[in-house]
Amino acid sequence: MNLAPGPIVSVSLEQSRAYCEQVTKTYARNFYYGLRLLPPEKRAAMYALYAWMRLVDDIADQEDGRPLSARVEELEAWRADTHAALEGRIEPEKGRTREPETASPIFHSPVLPFSHSFSSAASLWPAFCHMAATYRVPTRVFDEVIAGQEQDLSPLSFQTFEELAAYCYRVAGVVGLASIYVWGFEGGEATEELALQRGIAFQLTNILRDLKEDAVRGRFYLPRSEVNGAMDLADLREGRPGPAFEEAMRFQLARAEDYYRRSAPLESRISPDARPTLIAMTQIYHALLKKIAARPARVLRQRVSLSVWAKLRIGWRALRARRP
């Protein structure tokens, strides 16, 4: 993804929202079904939030031959652009700053790896700015996500769960926090903590589901002090579970399950019109975890997923939660 400045792009809010929806529909296989249950304004805001998350993830993760130094530079440029957007220093429909003498005059424009009529990140900013101004998502959320992506630039190895939890906080916990600002919530810091825990539950589910895929890329996220040789990168890459694999997996599955349990009061503290979305997203991810728990070695043979019909059934049941 090349972040060299491109031409000034004029994009309307409606066009930007359409772009963000396309990004979400293309990549958010599990989130998209839940987000469809939101009222239109909150739905559009969540599409913008997800598109921002996806674009910054692509800067760090997209395998296109860029050197590490280029990715670091691009993440810093993305941080600067994000701060400019959050501080209102751009004309949202032109993709440029209002203060060209003190800020980058043109927003950087990474190109997404799919065909779309508004294919540069300049198409993100009008919808993102509207979301940020309307729902006042804390700036620290976006800084933490970028910090998490910076961690991912180099091969990660966590010795303890505390180290893994800090990573999960950055790449997923704060996403839960950002989401409740859009959805609306009561309960202050206690509810924010529940949202962080729910985000971590989702990330732990992702890590267990993607064990083989990550191993192929040279990544292993589970705490090495806990697996005690039960999981070897070479075995994971080849899909060969060792004799202690299932026991180690069950320990990690139980921890993820505990994060779902601890964050269970979150649904009752979310605005009623957003509750079906949270319920649907949680039930989809929780169902993935249960599917893995039924046959842990399955993650070494295939990517565990739910069918479209299963997700639609979950969404339909979640709609019944929409009551004052």
Side-chain angles (χ1 to χ4, degrees), residues 16-17 20-21 23-24 27-28 30-32 34-39 41-60 75 78-79 81-88 92 121 124-152 165-206 259 263 266-267 269-271 273-282 284-285:
S16 180
R17 284 179 163 180
C20 293
E21 179 175 2
V23 173
T24 308
Y27 294 108
N30 292 320
F31 285 162
Y32 183 72
L35 297 182
R36 290 287 301 168
L37 304 178
L38 285 167
E41 284 298 310
K42 291 183 179 181
R43 184 193 315 152
M46 287 300 298
Y47 289 158
L49 181 63
Y50 178 85
W52 184 92
M53 300 286 179
R54 177 69 202 196
L55 283 167
V56 72
D57 183 72
D58 279 349
I59 293 172
L75 283 172
W78 189 257
R79 190 196 309 274
D81 287 351
T82 300
H83 277 246
L86 293 172
E87 293 163 12
L124 163 73
W125 298 114
F128 180 84
C129 289
H130 189 275
M131 178 275 298
T134 302
Y135 298 103
R136 301 187 181 280
V137 179
T139 300
R140 74 179 188 276
V141 166
F142 303 102
D143 286 338
E144 291 287 4
V145 172
I146 293 171
Q149 295 302 327
E150 288 172 337
Q151 272 188 279
D152 249 343
Y167 170 77
C168 289
Y169 165 80
R170 284 178 160 172
V171 300
V174 292
V175 179
L177 182 60
S179 297
I180 67 171
Y181 272 82
V182 174
W183 295 341
F185 68 98
E186 61 183 14
E189 291 183 2
T191 301
E192 291 186 358
E193 180 60 29
L194 292 172
L196 291 169
Q197 291 179 356
R198 184 65 56 84
I200 292 174
F202 288 178
Q203 185 64 16
L204 292 176
T205 302
N206 282 337
Y259 270 88
S263 63
L266 181 61
E267 277 76 1
R269 303 185 184 194
I270 298 301
S271 175
D273 65 0
R275 207 168 288 156
T277 285
L278 175 59
I279 290 171
M281 291 167 61
T282 299
I284 287 171
Y285 267 85

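These values consider heavy atoms only, across backbone and side chains, with no hydrogens, waters or symmetry-generated copies.
The two residues Gly34 and Ala280 make their nearest non-hydrogen contact at CA-CB, 4.0 Å. Of all the heavy atoms in Gln151 and Tyr167, the pair that sits closest is OE1-CD1, 3.7 Å. When all heavy atoms are compared, the tightest approach of Ala48 to Leu124 is O-CD1, 3.7 Å. The nearest pair of heavy atoms linking Ala45 to Tyr135 is CB-CE1, 3.5 Å. The two residues Ala172 and Gln203 make their nearest non-hydrogen contact at CB-CB, 3.4 Å. For the pair Ala178 and Leu49, the tightest heavy-atom approach, listed with the atom from each and the gap, is CB-CD2, 3.8 Å.
The aromatic rings of Trp52 and Phe142 sit perpendicular, their planes meeting at an angle over 60°, well past the 30° parallel limit.
You'll find the side chain of Leu86 reaches within 4.5 Å of the side chain of Phe128, heavy atoms only. Residues Arg198 and Leu278 meet the side-chain proximity criterion, which asks for heavy atoms closer than 4.5 Å. When side chains are defined from C-beta on, Glu41 counts as touching His130, because their heavy atoms get closer than 4.5 Å. Contact annotation: the side chain of Phe31 approaches that of Met281 to within less than 4.5 Å [non-hydrogen atoms, C-beta and beyond]. The shortest side-chain heavy-atom distance between Val56 and Leu75 falls under the 4.5 Å cut-off. For the pair Trp183 and Ser179, the minimum side-chain heavy-atom distance is below 4.5 Å. Contact annotation: the side chain of Leu55 never approaches that of Tyr50 to less than 4.5 Å [non-hydrogen atoms, C-beta and beyond]. Counting heavy atoms from C-beta outward, Ser271 and Lys42 have side chains that approach closer than 4.5 Å.
Checked for salt-bridge contact, Arg170 and Glu150 miss the test: no charged N lies under 4.0 Å from a carboxylate O. Glu192 has no carboxylate O lying under 4.0 Å from a charged side-chain N of Arg269, or vice versa, which leaves the two without a salt bridge.
Interatomic distance, Tyr259 OH to Ile200 CD1, rounded to the nearest 0.5 Å: 5.0 Å. Atom-to-atom distance recorded for Arg43:CZ and Tyr32:OH is 8.0 Å, nearest 0.5 angstrom. With rounding to the nearest 0.5 angstrom, the OG1 atom of Thr277 is 10.5 Å from the CD1 atom of Ile270. The distance from the CD atom of Gln149 to the CD1 atom of Ile59 is 8.5 Å, given to the nearest 0.5 Å. Rounded to the nearest 0.5 angstrom, Met131 CE and Trp125 CH2 are separated by 9.5 Å.
The closest donor-acceptor contact from the side chain of Arg17 to the backbone of Ala127 lies at 3.5 Å or more, if one exists at all.
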Inset, instruction - Take Leu177 and Arg140 through the side chain to side chain contact (heavy atoms under 4.5 Å, CB included) test and state the conclusion after the steps. - result: CA-CA 10 Å; Leu177 182 60; Arg140 74 179 188 276; 3.5 Å; yes

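Among Val137, Leu196, Leu194, Thr191, the single residue meeting the side-chain contact (heavy atoms from CB on, under 4.5 Å) criterion with Ile180 is Thr191.
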